[in-house]
Amino acid sequence: MTTHTVPTAPIAGQKPGTSGLRKKTPVFMGAHYLENFVQAIFDVVGAEGKTFVLGGDGRYFNDRAAQVILRMAAANGAARVIVGQGAILSTPAASHLIRSHRTDGGIILSASHNPGGPTEDFGIKFNMPNGGPAPESVTEAMYLRTTQMTGYRILDAQDIELASVGRVMLGAMVVDVVDPVADYAALMESLFDFPAIARLFAGGFRMRMDSMCAVTGPYAVEILERRLGAAAGTVINAVPLPDFGGMHPDPNPTWAKALMDEMLGPDAPDFGAASDGDGDRNMVVGAGVYVSPSDSLAVLAANAHLAPGYAAGLKGVARSMPTSAAVDRVAQRLGIACYETPTGWKFFGNLLDAGLATLCGEESFGTGSDHVREKDGLWAVLLWLNILAVRGQSAAQILAEHWAEYGRNYYSRHDFEAIPTDKADAMMAVLRGSLLDLEGMELEGLSVAAADDFAYTDPVDGSVSKAQGVRILFADGSRIVLRLSGTGTEGATLRLYLERYAPGPDGLDLDPQAALAPIIRAAHRLAQIEAFTGRVAPDVIT
Ligand code: G1P
Ligand code: ZN
């Protein structure tokens with residue numbers, strides 16, 4: 001087998017965002033596109049003599065891309081690649097393999113919760129030896145490299161067999177094809193009280209897990225049905241498909257509607273959950289009760305000690321700024337620190353590495369802990385199951401008791417999608433310019449106590465992130481946050497986050513949109529959303 005250098009020119013626009021490089025699948029399949037970016041990765045992190053993990057969420061082109069990356073890793077001198085069988089690995093499972101095998105990092109193929117297929121989305125990202133996504137300094141260096149590319153190295157070889165577990169050679173490089181589920185399932189078994197959860201299922205507890213035809217199917221079947229004894233068929237949409245069966249694998253009430261209908265309908269199972277394309281996001285829902293991600297984080301923090309992996313208590317918790325302050329109240333009660341970070345999982349990495357936080361979460365259906373360096377959908381589901389099993393209560397009871405004890409942070413996110421970018425930018429600029437004038441303003445029966453543009457200083461490395469979102473705080477503790485999405489693909493997406501605190505014991509049973517109505521009206525007036533964007537109502541409400 002010989003190594004080839006294929007001459008190429010730089011390809012414009014290969015700029016990775018916080019979740020790696022994401023483009024439409026045909027773009028990735030275009031001549032040299034994938035290859036150029038992979039070469040940039042290897043040029044920046046170095047491949048000679050190194051060991052990497054490789055896998056993806058199984059979407060269209062995942063298998064082809066994996067073969068190309070393996071040939072390029074071999075040509076660039078890598079010593080060994082650990083690849084999931086069939087080139088499959090969920091994002092949290094990849095993070096775990098990177099860490100547990102003390103590798104030099106890993107390449108994950110996914111566009112997360114975005115649809116897959118020949119005309120849908122594809123993505124690639126590099127994770128560091130700590131198992132977490134590459135920081136901006138590294139992705140920037142990769143981008144710079146793509147602009148200088150003159151050629152990429154690839155081995156002249158046929159596809160290798162990834163369908164069965166075992167060791168094969170690719171040139172001088174070792175390829176270890178591993179069961180994508182085994183190590184991850186063992187990690188979960190080390191963290192949670194599997195016998196208690198198994199007893200729960202044996203007692204007739206019914207669950208519905210919607211894997212949305214994405215990567216968690218095999219993980220959920222192995223863990224829930226085989227190891228924990230949940231009834232066969234508990235996991236639905238359990239076979240990962242290249243196009244996710246046409247589903248939009250984003251676990252929220254809009255896209256996991258069938259699950260929501262079942263859980264809120266008659267004869268609902270006791271507990272329901274869904275996860276996204278690559279398995280890092282989760283939604284949990286009890287019989288008759290939706291659990292918002294912010295509330296989920298708070299309940300998990302308050303009860304984590306019931307799981308063996310967290311029996312010693314939490315070192316601290318962290319949430320993204322727009323996530324509700326429900327978890328702050330739990331941290332206060334526990335006497336532990338609560339960190340408020342900008343949006344995006346990467347900001348949790350330093351806190352987890354430094355042992356400052358154990359649990360972290362975002363309002364966008366992401367929850368996780370220091371067991372890996374990615375958010376982890378099934379982990380969250382299993383922690384909930386562990387808590388349900390030990391407390392012997394329903395999710396609805398646990399939530400009601402939580403609110404009675406801590407009060408309730410009514411919460412909702414309104415997304416306004418595909419706004420012309422100039423209009424969205426103008427709106428934010430005017431809002432930012434008016435922050436000083438807002439203080440003391442009265443509207444909708446609310447009084448503005450403070451307004452700012454969120455800035456964050458990382459407590460570990462001292463780095464400063466500015467302009468992370470406008471916060472408007474009212475005297476009664478209610479809050480409005482506005483920011484523009486960093487992951488949208490079409491125009492700008494305005495995210496409007498709304499929060500109101502009800503101390504209880506009364507007024508805990510309102511519909512969130514009704515409870516938040518005055519705050520929603522105040523937000524529209526303060527930000528002049530209609531004047532700037534022409535929109536009066538959001539496209540998506542979560
Ligand atoms: C969105 C979510 C954010 C999450 C990110 C990646 O980013 O809001 O919490 O970390 O996707 O999954 P946004 O589009 O808001 O920038
Ligand atoms: Zn994801």
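Start at 1 and go down the list; that is how both ligands and their atoms are numbered. Owing to the predicted nature of the structure, the values given are computational and were not obtained by experimental measurement.
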With a 3.5 Å cut-off and no angle check, do the side chains of His414 and Gln513 form a donor-acceptor pair? yes
Between Lys375 and ligand 1, find which residue part has any heavy-atom pair under 4.0 Å and reply side chain, backbone, both or neither. side chain
Shortest protein contact, atom 8 (O) of ligand 1 (heavy atom only): Arg413 NH1, 3.5 Å
What I want to check is whether the side chains of Thr103 and His101 have a donor and an acceptor closer together than 3.5 Å. no
Does Asp121 pair with Arg22 as a salt bridge, N-O distance under 4.0 Å? no
I need the nearest protein heavy-atom contact for atom 16 (O) of ligand 1: residue, atom name and distance, please. Gly486 N, 2.6 Å
Heavy-atom contacts under 4.0 Å between Met321 and ligand 1: side chain, backbone, both, or neither? neither
Who's the nearest protein heavy-atom neighbour of atom 7 (O) of ligand 1, and how far? Thr487 CG2, 3.6 Å
If we only consider heavy atoms of Gly344, is any one of them less than 4.0 Å away from an atom in ligand 1? yes
Residues Arg59 and Glu120 bridged, charged N to O under 4.0 Å: no
So for Ser364 against ligand 1, with non-hydrogen atoms under 4.0 Å, the contacting part is side chain
Looking only at protein heavy atoms, which one is nearest to atom 4 (C) of ligand 1, and how far off is it? Glu362 OE1, 3.5 Å
Is it true that Glu340 and Arg471 have a side-chain N and a carboxylate O under 4.0 angstrom from each other? yes
So, are Asp415 and Arg413 salt-bridged, with charged N and O less than 4.0 Å apart? yes
Is there a polar contact between ligand 1 and Arg495, counting only N or O atoms under 3.5 Å apart? yes
At the Zn ion (ligand 2): angle between Asp280 atom OD1 and Ser112 atom OG, to 10 degrees: 160°
Closest to the Zn ion (ligand 2), which N/O/S atom of Asp278 is it? OD1
Answer yes or no: is there a side-chain heavy-atom contact under 4.5 Å between Ile472 and Phe474? yes
Could you check which N/O/S atom of Asp276 is closest to the Zn ion (ligand 2)? OD2
Within the 4.0 Å heavy-atom shell around Arg483, which atoms of ligand 1 are there? 13 (P), 15 (O), 16 (O)
Ionic contact status for Arg535 with Glu530, cut-off 4.0 Å: no
Heavy atom of the protein closest to atom 11 (O) of ligand 1 (residue, atom name, distance): Arg281 NH2, 3.3 Å
State whether Arg319 and Glu362 are salt-bridged, where the test is any N-O pair (Lys NZ or Arg NE/NH1/NH2 against Asp/Glu carboxylate O) under 4.0 Å. no
